[in-house]
Structure formats: structure tokens, C-alpha cells
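Below you'll find the structure, written out as C-alpha cells, and then a few comments.
Residues: numbered from 1 along the sequence shown.
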Amino acid sequence: MTETITPSPGRLERWFTLRERGTDARTEVLAGVTTFLTMAYIVLVNPAILGTAGMPVASVAAATCFAAAFASILMGFVANTPLALAPGMGLNAYFSFTVVQQMGVPWPVALGCVFVSGVAFLFLTVTGVRQLIVASIPQYLFAAVAGGIGLFIGFIGFKDAGIIVANPATFVALGDLKAPGAALALFGLVLIGALSVWNVRGAMLIGILTTTVVAWLFGMVTMTPEPYSLEALTGTAFKLDLAGVFGLSGSHGLGLLEILFVFLFVDLFDNIGTLVAVTKRAGLMDSEGRIPRLNRILIVDATATIVGSMAGTSTVTSYVESAAGVQAGGRTGLTAVVTGLLFLATMFVAPYAQLIPLAATAPALIIVGGLMLLPLTEVKWEDPLAAIPAFLTVAMIPFTFSIANGLAFGITAHAALKIVRGTVERKDWFLLILALLFVARFVWMGGT
């Protein structure tokens, strides 16, 4: 007589409480794959952006995969939330274009700033100071920062594509659309747009790879294949310069405080917005609108940023693309674990990301920038108290090529208007302190 063996729920069920959340392992795996496909473009885009800062592209590609894998797997096991993480768009642009290229900070020192901001985020979360900071910032500025970063990313995409060029009379102008780079980027933009409206999974990744193939076919990419080795990661791993951050080397002075502030607060804003969007979509919020295991989630995020900086990439943050996996049925941390494992597997081909031309990644930047404008619908534009600071935040980020300036103008304008309107309350004391710090920053540091 043979005995029928029924598989027990096992460790997956016990750890991720699949049945309790109305899901199963198969659904979670498919959701994890979906999330990976929607955000895998970061493996190609992040090295392209950080590479302009002088960082070795192959090394950044490997570091990007490692950081995303570590963070997503950790999120799955520690917080049991279907939230995937990777180096954040916007913060990588700030790292490369503002911190390194505009402010002249060496990239090892910039990585050190990312590390310190992660440690600060971890400290603020553990001590509960994070709640004070979040409560002091008006909610509409979260949306304004996201929208401003979206325009910033889109502007960079147009610039990389050659669609927008410098002009001495008008600052910017339309480039030569018949030029090979611009034409290739427009092809990629149309392709990704078409795939997106057709709801094709991984539209951005498919668009980038297809555009790259077209570039190869037309001789726009010079291929120099090199033997692959995971040792590529050593080009950026543990290269961060903490001595430079604390002023023990170099002469960047107080400018580094601004960098730390931006890395810390933009990461905070981005996480809160993403958490609200994803957990609400997944039905994981409690009856009072609170996010379960919020501290665990933020601790994972801070830890991921610290580890990511040591691997050699900019700030690691939660990805709103996680909502795609939730839409596919993901409800537990198993979704994030599957996404992380796929990023880990991608490490074996990551160094070849340097073969992707900027004109192929530029369309993804443009599309991502456009999608990031959605939160602006949450701003009450009919109310000047919200509309004026929100507009200043959104406009100043791309116009000054600085997220820091956008934050400064938005928070300072909000505080000033509350004072003029006579609606300042005792709870606004921290907001006023932030505004005063920004004013002092402009007085003493100018437009740096």
C-alpha cells in the first residue's frame, strides 16, 4: 500500500504567511518576475549615469545588480513586503551631474556621503526622529519633489539623446533630430511608448535592448568584448572615501552637508511615497491608513544604502515599479525575494552594460521622468499655500539642475507663506528651522 505524501506548507508558508494573505508560491514567483522586468532597466541606466561621473561602467553595473539583489532579498525576509529596491533614479543623477560634475566632488567622496546618509537614516529610524521629520514636511511637497525629479530625469534623457542642446541665446534649444544619436533615441522613445500602451511587461528593458541592437546594426556602437569576471565589482567596491566626507582630505567644506541632506531627505521622501502607493495597492494598509512594519522597511532601506555605497553605487531606495508585481498578485516578501534573485543572476552579464549607448538609455530616462509626474495630481493647485511652494520645487529642480535647490525653495516658501498668512502652529517649529537653514545656505554658499 502506497502512502500519498501531501507537501506541507513548509518554510515558505511559515515565513511569508502566503495563505493568510490570499496568495500562493506560484503567484508570488510570477509577481517577482514581473517586478524585475519592469525595473531591470536600472541595470543599464544606472551605469550610464554614474559612468559620466568617471566611475567604471562595468563595475557600477555589477554593483547595481548586487545592491538591488541584497536589498530586495533583505526586504522580503525582514519586512515580508512585496517591495523591491535598487539604486534610485534621480538620486543617481544628482550624484553624477550635481555632486561630482558640478560641485567637483570626487566620486569616492560622493560614495562616502551616500554611506553616511544611510547611517544617518538608520539612526533617525531607530531613534524615532524620522517621525518628527516626516510630520514637519507638508505632504504635497512629497508629490512636488517626485514631479521635479521626474522633469530632472526627463531633461537629462533629452540632453543625452541630443534632442535638447545648449544654446547661447536661449540656454536650450532643439537639437538636430536627423543626427544619428537623436534619431536612434526617438526610435527608442516611440518603441518604449508603444510597448507601454500595449501593457507589455518589461517595455523599457525591451526598448533599450532593441534600440541597442539597431545601433549595432548601423555601426553606432564599437564592440570590444572582454573576458567577464565577477572581479569587475572590485573597481568600485570599498572605494568610498570617508576621510573626504569628514573634511580630513580635500576642501569641499560645508557643501558636503548639503549633499548629505539631499541624499537623506530625498531618500526619505521617495520611500514614503512609494510605500504608500505600493501598500495601498496591495491592500496591506491597516484600517487607520498605517503601513505595517514601517520601521522594518525603513531599516532595510537604510541598510541597503549603506551596503550599496560600499559596493559602489548611489543611494538604494524602494521602487514604485513594485506596484507592477502587486498588480500581478504579489502580496508577500516572496515577491521581493524572487526579484532579488533575478538581479543576482543578472550580475553574470552586468559588466557588458557598457556596450549600451546613451542614445538607447535616454528614452527610458524620458519615459520614467514622465511617469514620475503622476503624484503632482495630489497637489491642491487651487490653494496658493500649496501651489506656490509646489511649483517652485518642481521648477527649480530641473532649471537649476539641483534637487537641493528645489527642496530649499519649496520648504522655505511654504514656511514664509504660513508666517504671512498667520497660520504657523507650535508643531511647525522644525519646519521653520529647516527654512532658516536653507536661507542661511543661500546667503553663505550662494548658488552652489
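- Side-chain contact between Phe66 and Met347 is present, with heavy atoms from C-beta onward closer than 4.5 Å.
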Kindly determine whether Tyr140 and Glu378 satisfy side chain to side chain contact (heavy atoms under 4.5 Å, CB included), including the steps that lead there. CA-CA 7 Å; Tyr140 72 84; Glu378 301 172 9; over 6 Å; no
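- Looking at every heavy atom in both residues, Phe343 comes nearest to Cys65 through O-CB, 3.5 Å.
- The two residues Gly51 and Val57 make their nearest non-hydrogen contact at CA-CG2, 4.0 Å.
- Between Ser314 and Asn92, the side chains place no donor N or O within less than 3.5 Å of an acceptor N or O (distance only, hydrogens not considered).
- To the nearest 0.5 Å, the span separating CE on Met75 from CG on Asn80 amounts to 11.0 Å.
- Annotation: side chain of Asn405 is not in contact with side chain of Phe399 (no heavy-atom distance under 4.5 Å).
- Checking side-chain atoms of Ser322 against main-chain N and O of Ala84 turns up a donor-acceptor pair under 3.5 Å.
- The backbone N or O of Val43 lies less than 3.5 Å from no partner atom in the side chain of Asn46, so there is not a single donor-acceptor pair.
- Crowding of Phe391 atom CZ: a count of heavy atoms from other residues, nucleotides or ligands under 6.0 Å not exceeding 12.
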Between Val190 and Leu186, is the side chain to side chain contact (heavy atoms under 4.5 Å, CB included) condition met? List the steps. CA-CA 6 Å; Val190 172; Leu186 288 174; 5.6 Å; no
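- In summary, the aromatic rings of Phe152 and Phe97 are positioned with their centroids too far apart to meet the 6.0 Å limit.
- The distance from the NE2 atom of His414 to the CD1 atom of Ile388 is 12.0 Å, given to the nearest 0.5 Å.
- No donor-acceptor pair closer than 3.5 Å links the side chain of Trp198 to the backbone N or O of Gly193.
- To the nearest 0.5 Å, the span separating CG on Leu432 from CD1 on Ile419 amounts to 5.5 Å.
- Ala336 and Thr81 get closest at one heavy-atom pair: CB-O, 3.7 Å.
- Proximity of Ile397 to Leu407: side-chain heavy atoms (C-beta onward) are nowhere separated by under 4.5 Å.
- Residues Ile49 and Leu365 form a side-chain contact, since some pair of their non-hydrogen atoms from C-beta on lies under 4.5 Å apart.
- Residues Thr361 and Asp160 have side chains that never bring a donor and an acceptor to within less than 3.5 angstrom of each other.
- Heavy atoms only, all atoms of each residue included: Ile366 and Gly154 are closest at CG1-O, 3.9 Å.
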Would you sort out whether Val172 and Phe158 count as a side chain to side chain contact (heavy atoms under 4.5 Å, CB included), showing the intermediate values? CA-CA 11 Å; Val172 294; Phe158 283 119; over 6 Å; no
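- Side-chain contact between Thr303 and Phe70 is present, with at least one heavy-atom pair separated by less than 4.5 Å.
- Residues Thr170 and Asn167 have side chains in contact (heavy-atom distance under 4.5 Å, counting atoms from C-beta outward).
- To the nearest 0.5 Å, atoms OG1 (Thr412) and CG (Leu434) are separated by 9.0 Å.
- Once rounded to the nearest 0.5 Å, the distance linking OG1 of Thr313 with CD1 of Ile42 reads 7.5 Å.
- Of all heavy-atom pairs between Ala359 and Thr211, the closest is O-CG2, 4.3 Å.
- Distance alone, capped at 3.5 Å, is enough to place a donor-acceptor pair between the Arg331 side chain and the Val326 backbone.
- Note: Tyr94 and Phe263 have perpendicular aromatic rings, judged against thresholds of 30 and 60 degrees for the angle between ring planes.
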Chi angles and distances behind the side chain to side chain contact (heavy atoms under 4.5 Å, CB included) call for Leu195, Met204: CA-CA 8 Å; Leu195 293 174; Met204 291 185 189; over 6 Å; no
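- Using a 4.5 Å cut-off on side-chain heavy atoms (C-beta onward), Trp429 and Ile433 make contact.
- The structure places CZ of Phe115 at 5.5 Å from CD1 of Ile306, a figure rounded to the nearest 0.5 Å.
- The shortest side-chain heavy-atom distance between Pro384 and Leu417 does not fall under the 4.5 Å cut-off.
- Looking only at atom types and distance, the side chain of Thr315 has no donor-acceptor partner in the side chain of Thr305 under 3.5 Å away.
- Residue Trp107 comes nearest to Pro56 through the heavy atom pair CZ2-CD, 4.2 Å, listed as atom of the first residue, atom of the second, then distance.
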